[in-house]
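Below is one structure, written out as structure tokens; the observations come after it.
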Amino acid sequence: MPELPEVETIVRGLQSRVAGDRISSVWIGSRKQPLKSSAAKIVATLTGKKIARVHRMGKHIVLDLVTSAASSKKIPDAQWVVHLGMTGRMLVCEPEIETVKHTHLSATLASGRELRFIDARMFGKLAVAVPGNFDPGGVEPLEVDPAVFQELFRGRKTPIKSALLNQKLLRGVGNIYADEALARVGIRPRRKASAISREDLTKLHGAVQAVLREAIKLGGSSVSDYVGADGEEGFFQLQHRVYGREGEPCLVCATPIQRVVIGGRSSHFCPKCQK
DNA sequence: ACTATTTCCTGGATGC
DNA sequence: TGCATCCAGGAAATAG
């Protein structure tokens, strides 16, 4: 399930592989579910445009598109916004590569390659936007300073785990990294966000940033069917201390890791180390 | 203004 | 082996 580090890895791969290339034609499948804009609008917006830059906003992939040959302009003409949901992939490949099931869009590039959006479970989303109009809300976890981070949780009665997952507060943190960050600072996922001390929130801010940075360095976590733009796997899953380790010993105290459901999400923690 | 719950969707794992 | 059932999860929608 792509969260911030996985999306960042994919974005870097796309930036190096397709930035500067031009979209010569677009094919869109019949499924409506993944489309946030109409198929006609997506085709019309993408066709003929050059991909000036690929960047990330939270868990969204944003491709800046320009019409002119010269890419010196600062403001793109349009943006192509992609959310991978749980199982979404952005594949860059040669046209001879067989189109797999659940391919919802394929963009043929001037270089001859194809950029394909594939998503089995269809929680992913495709949209086009006018530059400046797309704002997923929330703050970037790697850019927010500790004071602003603390303010996000003031007065919130919801469990800290749920608050960390709320994209309108913090954008990009998902289930894996929320659990991992909480484990690193010894906070139980069920603690009310408003009940966490200033010092602990400062520590949590540091842990969220550390865990995301470390994961980006390792190319993200490959669990489920996540792979990067080249199909390569990440390796941060080898660093997980609690996520997916129910019943296994805590790496610090050997107490079995517990799994509980909070807000419909499985949450993992050490009952001894996390209070 | 919040918060909690439900819904979408399909592949993989599990159980009989 | 095969079939049914459960489960995973991001975020939008709904209900309270």
Side-chain angles (χ1 to χ4, degrees), chain A residues 1-11 29-37 56-62 81-91 99-105 117-127 129 134-141 151-182 189-196 208 212 215 220-227 233-234 236-237 240 242-247 257-269:
Chain A
M1 47 228 72
E3 303 181 25
L4 189 152
E6 291 76 35
V7 176
E8 180 66 26
T9 301
I10 290 162
V11 158
S30 55
R31 302 299 293 262
K32 296 268 194 334
Q33 174 92 4
L35 308 182
K36 294 282 279 182
S37 308
R56 179 187 62 73
M57 292 177 81
K59 297 175 192 170
H60 298 264
I61 299 169
V62 181
V81 182
V82 180
H83 193 295
L84 298 174
M86 280 192 63
T87 52
R89 296 181 55 195
M90 287 288 272
L91 175 70
T99 301
V100 299
K101 196 178 170 185
H102 305 303
T103 299
H104 304 296
L105 179 148
F117 173 72
I118 304 160
D119 185 16
R121 230 161 287 186
M122 294 205 286
F123 280 10
K125 294 280 180 285
L126 294 177
F134 174 69
D135 176 16
V139 297
E140 280 292 335
E151 278 303 308
L152 297 176
F153 306 105
R154 180 180 293 256
R156 303 222 166 242
K157 294 176 184 152
T158 198
I160 185 63
K161 168 66 183 285
S162 300
L164 287 171
L165 293 182
N166 184 343
Q167 303 295 297
K168 296 301 175 198
L169 300 178
L170 207 56
R171 65 189 193 206
V173 175
N175 210 32
I176 296 175
Y177 299 103
D179 280 4
E180 292 299 315
L182 289 169
R190 246 196 248 283
R191 282 255 298 277
K192 293 219 178 314
S194 58
I196 298 175
V208 166
L212 294 176
S221 302
S222 282
V223 298
S224 184
D225 44 14
Y226 161 78
V227 288
E233 295 193 350
F236 191 73
Q237 68 277 11
H240 292 178
V242 291
Y243 184 85
R245 297 192 63 243
E246 181 184 15
I257 297 300
Q258 277 187 16
R259 187 184 79 90
V260 295
V261 175
I262 301 171
R265 298 285 160 263
S266 65
S267 305
H268 313 72
F269 67 98

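Here the structure is a predicted model, which is why all the values come from computation and not from measurement. Order of the sequence lines sets the chain letters (A, B, ...), proteins ahead of strands, with each chain counted from 1.
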Self-check item: Length of the line joining A:R89:CZ and B:dT10:P, which is rounded to integer Å
Solution: 18 Å

Quiz prompt | A:Q167 side-chain N/O to A:G172 backbone N/O, donor-acceptor pair under 3.5 Å | solution = yes

Quiz item: What is the per-nucleotide protein-contact pattern of nucleotides 7-13 of chain C, from the 5' end, where B denotes a base atom under 4.0 Å from a protein heavy atom, S denotes such proximity for sugar-phosphate atoms only, and - denotes neither?
Solution: -BBBB--

Exercise. With heavy atoms under 4.0 Å as the rule, sort A:R171 into base, sugar-phosphate or nothing.
Key: nothing

Exercise. Look at the side-chain N and O atoms of A:H102 and state whether any lies under 4.0 Å from the OP1 or OP2 oxygen of B:dG11.
Key: yes

Quiz prompt | Considering all heavy atoms, the nearest A:V173-A:A178 contact | solution = CG1-N, 3.7 Å

Quiz prompt | Main-chain N/O of A:A193 paired to A:K157 side chain as donor or acceptor, under 3.5 Å | solution = no

Quiz item: Base, sugar-phosphate, or nothing: which does A:K192 touch, judged by heavy atoms less than 4.0 Å apart?
Solution: nothing

Self-check item: Sequence-distant partners of A:E151, salt bridge (charged side-chain N to carboxylate O under 4.0 Å, His left out), two or more places apart
Solution: A:R154

Quiz item: Between A:Q33 and B:dC9, does any side-chain N or O lie under 4.0 Å from OP1 or OP2?
Solution: yes

Quiz prompt | Shortest non-hydrogen separation from A:K59 to A:G174 and the atoms involved | solution = NZ-CA, 3.7 Å

Quiz item: Given atom CD1 of A:I160 and atom C1' of B:dC2, what is their separation to the nearest angstrom?
Solution: 16 Å

Self-check item: Heavy-atom pair of closest approach, residues A:D179 and A:S267
Solution: OD2-CA, 3.4 Å

Quiz prompt | Distance in angstrom units between A:R31 CZ and B:dC9 C1', rounded | solution = 8 Å

Practice problem: Could you state the atom-to-atom distance from CG of A:N166 to P of B:dA1 in whole Å? | Solution: 15 Å

Practice problem: State whether A:D135 and A:R171 are salt-bridged, where the test is any N-O pair (Lys NZ or Arg NE/NH1/NH2 against Asp/Glu carboxylate O) under 4.0 Å. | Solution: yes

Exercise. Kindly calculate the angle separating the two end axes of the helix from B:dC2-C:dG16 to B:dC16-C:dG2, each obtained from five base pairs, and round it to 10 degrees.
Key: 50°

Quiz item: C:dG16 P sits how many Å from A:K157 NZ, rounded?
Solution: 19 Å

Quiz item: Which atom names give the shortest non-hydrogen contact between A:V7 and A:G58, and what distance separates them?
Solution: CG1-O, 4.4 Å

Quiz item: Taking the side chain from A:H268 and the backbone from A:R245, do they hold a donor-acceptor pair closer than 3.5 Å?
Solution: no

